[in-house]
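All remarks here apply to the structure that follows.
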Amino acid sequence: MQSSPEFFVGWGTLSLINAGLAQSKGRSGFGWWFASLFVGPLATLLIVALPAPAARR
């Protein structure tokens with residue numbers, strides 16, 4: 001299977017979107033960005049489906 005440059009641009013864009021989405025839900029943007037590099041759309045699903053973390057005191 002040969003990957004085109006568009007695939008990598010799309011995957012990188014998705015990872016940045018996931019980082020922003022994670023930060024908006026109170027999670028680590030860097031951690032989710034890094035995870036998104038490997039699991040891509042699955043990370044998006046997890047960010048959306050998981051409940052927001054409990055507020056720390």
Side-chain angles (χ1 to χ4, degrees):
M1 184 173 128
Q2 186 175 2
S3 298
S4 65
E6 292 87 9
F7 174 80
F8 294 108
V9 170
W11 203 266
T13 302
L14 179 62
S15 70
L16 292 173
I17 291 169
N18 284 345
L21 184 60
Q23 282 185 332
S24 73
K25 292 192 82 174
R27 300 187 178 277
S28 166
F30 178 76
W32 281 98
W33 169 79
F34 192 72
S36 294
L37 289 176
F38 298 102
V39 294
L42 181 60
T44 307
L45 177 66
L46 290 173
I47 294 167
V48 172
L50 292 174
R56 293 182 181 170
R57 293 182 191 202

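Keep in mind that what you see is a predicted model, and the values were worked out from it rather than measured.
In this pair, Phe34 and Phe30 present their aromatic rings parallel. The plane angle is below 30°, not in the 30 to 60° band.
Taking the side chain as every heavy atom from C-beta outward, Pro41 and Trp11 approach each other to under 4.5 Å.
Cluster membership for Leu45 and Val39, using ILVMFWY side-chain heavy atoms within less than 4.5 angstrom, is shared.
In terms of heavy atoms, Ser36 sits closest to Ala43 at OG-CB, 3.5 Å. Of all non-hydrogen atoms in Ser28 and Ala22, the two that sit nearest each other are O-CB, 4.1 Å.
Taking CD of Glu6 as the start and OG1 of Thr13 as the end, the distance is 11.5 Å to the nearest 0.5 Å. Taken to the nearest 0.5 Å, the CG atom of Leu16 stands 12.5 Å off from the CG atom of Leu21.
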Report the C-alpha distance between Leu50 and Lys25 in whole Å, list the side-chain angles of each, state the deciding distance to 0.1 Å, and finish with yes or no for side chain to side chain contact (heavy atoms under 4.5 Å, CB included).
CA-CA 10 Å; Leu50 292 174; Lys25 292 192 82 174; 5.9 Å; no
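Counting only residues at least two apart or in different chains, side-chain hydrogen bond (donor to acceptor under 3.5 Å, both in side chains) contacts with residues 44-53 comprise Asn18-Thr44.
For Trp32, there are no side chain to side chain donor-acceptor pair (under 3.5 Å) partners, not counting sequence neighbours.
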